[in-house]
Amino acid sequence: MNLACFDRMNDSDKREYLEFLLWHYRVVDAFWFIQSADKSGQPAAEVLNEQVWGRVAGMAAKDLVKRFSITEKGLKGFVQALRLFPWAMIVDYQIDEREDEVMIRVPSCPTQEARIRRGIGEYNCREMHRAEFTSFARVIDERIRVECIFAPPAPHPPDIFCMWRFYLEKTGAGESA
């Protein structure tokens, strides 16, 4: 990898380039999914999407833990790593940290909004995100469990596309492991 171009950039240029990379990352993912659905059908594309994101999210979590020396376990470590995950920035997850759980709300989903604008409707993203979040969380702490409150294709409020709950698995007399 040749990163010499960054040596000539100021902080503003690096930020602009980072915004480009995140946008491009989203566009590549979108076109990959669209082409997969066109070639193999929507259900097959959704299964592939689930398999891909179930794999790459865990890889991303491992890399983030290593690159940013994240040693915290539990929900605090999960949130620390998640805030560095590209999709958390692209989608702007609304993260609500509580003592015994983390809630993620997605009021604005670029992927679903683009599909709605194009008149093709929402796609089933629930199982893909379940695989993604589970893979990511388990790298941080095996005790983290993922619960989908709602996500497409299920009905959802007009101002929130999906909501997810993360908590630590309980063991024994109601104590966290």
Side-chain angles (χ1 to χ4, degrees), residues 18 22 25-26 29-30 32-33 36 42-113 115-116 121-177:
L18 180 57
L22 290 172
Y25 182 72
R26 183 172 69 93
D29 178 65
W32 174 89
F33 185 84
S36 295
Q42 187 75 15
E46 289 169 358
V47 168
L48 286 171
N49 212 27
E50 178 183 341
Q51 292 170 344
V52 167
W53 284 102
R55 178 79 188 259
V56 299
M59 293 170 65
K62 285 178 190 172
D63 201 18
L64 289 168
V65 163
K66 182 179 176 184
R67 287 177 189 267
F68 296 95
S69 303
I70 298 171
T71 58
E72 185 87 37
K73 295 292 184 192
L75 298 174
K76 288 189 184 308
F78 170 70
V79 170
Q80 187 180 0
L82 186 66
R83 289 189 190 281
L84 296 169
F85 189 50
W87 280 104
M89 294 177 218
I90 290 168
V91 176
D92 190 20
Y93 293 155
Q94 304 301 301
I95 301 171
D96 180 15
E97 290 182 80
R98 301 175 187 167
E99 187 173 324
D100 61 345
E101 68 181 5
V102 170
M103 301 294 291
I104 293 178
R105 290 174 186 77
V106 179
S108 176
C109 178
T111 303
Q112 298 291 19
E113 289 167 346
R115 293 179 61 85
I116 292 167
E122 295 176 354
Y123 80 103
N124 181 349
C125 63
R126 180 179 50 226
E127 295 311 314
M128 179 271 295
H129 284 303
R130 184 186 317 277
E132 171 193 20
F133 287 141
T134 299
S135 172
F136 192 96
R138 294 275 168 87
V139 167
I140 307 305
D141 192 320
E142 285 283 330
R143 300 171 298 160
I144 298 174
R145 297 296 173 255
V146 178
E147 177 186 354
C148 178
I149 307 301
F150 56 82
H156 56 83
D159 60 339
I160 302 176
F161 281 90
C162 65
M163 186 182 316
W164 295 83
R165 176 178 176 251
F166 303 83
Y167 59 94
L168 292 181
E169 181 176 59
K170 302 290 183 180
T171 60
E175 295 298 315
S176 295

**Q** Angle between ring planes, H156 versus F161, binned at 30° and 60°: parallel, tilted or perpendicular?
**A**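 It falls in the tilted class, 30° to 60°.
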
**Q** In the structure I gave you, are the side-chain heavy atoms of C162 and R126 within less than 4.5 Å of one another anywhere?
**A** no

**Q** Mind listing the closest non-hydrogen atom pair of K76 and E72 along with its distance?
**A**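 The pair with the smallest heavy-atom distance is CB-CG, 3.7 Å.
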
**Q** Measuring from T111:OG1 to R115:CZ, what's the distance to the nearest 0.5 Å?
**A** 9.0 Å

**Q** Would you call the rings of Y123 and F33 parallel, tilted or perpendicular, where under 30° means parallel and over 60° means perpendicular?
**A** tilted

**Q** Is the closest side-chain heavy-atom distance between C148 and H129 below 4.5 Å?
**A** no

**Q** Which heavy atom in D100 sits nearest to a heavy atom in Y167, and how many Å separate them?
**A**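 Residues D100 and Y167, closest heavy atoms: O-CB, 3.7 Å.
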
**Q** Checking the side chain of E122 only, and the main-chain atoms of P152 only, is there a donor and an acceptor separated by less than 3.5 Å?
**A** no

**Q** Can you measure from CE (M89) to CZ (R83) and round to the nearest 0.5 angstrom?
**A**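 CZ of R83 is found 10.5 Å from CE of M89.
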
**Q** Nearest 0.5 Å, please: how far is CD1 in I90 from SG in C109?
**A**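 Those atoms lie 11.0 Å apart.
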
**Q** side-chain contact (heavy atoms from CB on, under 4.5 Å) between I160 and Q94: does it pass, once the steps are laid out?
**A** CA-CA 10 Å; I160 302 176; Q94 304 301 301; over 6 Å; no

**Q** Please name the pair of heavy atoms, one in E132 and one in A57, separated by the smallest distance, quoted to 0.1 Å.
**A** O-CB, 3.3 Å

**Q** Roughly how far, to the nearest 0.5 Å, is the CD atom of E97 from the CD1 atom of I104?
**A** 10.0 Å

**Q** Measuring from L75:CG to R98:CZ, what's the distance to the nearest 0.5 Å?
**A** 12.0 Å

**Q** Is S135 reaching over with its side chain to a backbone N or O of G58, donor-acceptor style, under 3.5 angstrom?
**A**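 A pair under 3.5 Å: yes.
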
**Q** Check for a donor-acceptor pair, side chain of R105 on one end and backbone N or O of M163 on the other, with a separation under 3.5 Å.
**A**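 Side chain of R105 to backbone of M163: no pair is present.
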
**Q** How many angstroms lie between CD in E46 and CG in N124, if you round to the nearest 0.5 Å?
**A** 4.5 Å

**Q** Got I70 and L84 here, is their nearest side-chain heavy-atom distance under 4.5 Å?
**A** yes

**Q** With side chains defined as the heavy atoms from C-beta onward, is the minimum distance between V79 and Y93 less than 4.5 Å?
**A** no

**Q** Quick check: closest heavy atoms across G74 and L168, and the distance to 0.1 Å?
**A**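 The pair with the smallest heavy-atom distance is CA-CD2, 4.0 Å.
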
**Q** F78 and D141: side-chain contact (heavy atoms from CB on, under 4.5 Å), yes or no, with the steps?
**A** CA-CA 8 Å; F78 170 70; D141 192 320; over 6 Å; no

**Q** Spell out, as yes or no, whether a donor-acceptor pair under 3.5 Å connects the side chain of E127 to the backbone of C125.
**A** no

**Q** Would N49 and D29 count as a side-chain contact (heavy atoms from CB on, under 4.5 Å) if you check the C-alpha gap in whole Å, the side-chain angles of each, and the deciding distance to 0.1 Å?
**A** CA-CA 9 Å; N49 212 27; D29 178 65; 4.2 Å; yes

**Q** Over 60° means perpendicular and under 30° means parallel, so classify the ring planes of Y25 and W87, tilted if in between.
**A**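 Rings of W87 and Y25: tilted, 30 to 60°.
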
**Q** For G77 versus I140, what's the shortest heavy-atom pair and its separation?
**A** C-CG2, 3.5 Å

**Q** Minimum heavy-atom separation for V91 to P110, with atom names?
**A**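 Reported closest heavy-atom pair: CG2-CD, 4.0 Å.
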
**Q** Using a cut-off of 6.0 Å, state whether more than 12 heavy atoms not belonging to R67 lie near its atom CZ.
**A** no

**Q** Walk me through it: do R130 and W164 pass the test side-chain contact (heavy atoms from CB on, under 4.5 Å)?
**A** CA-CA 9 Å; R130 184 186 317 277; W164 295 83; 4.0 Å; yes

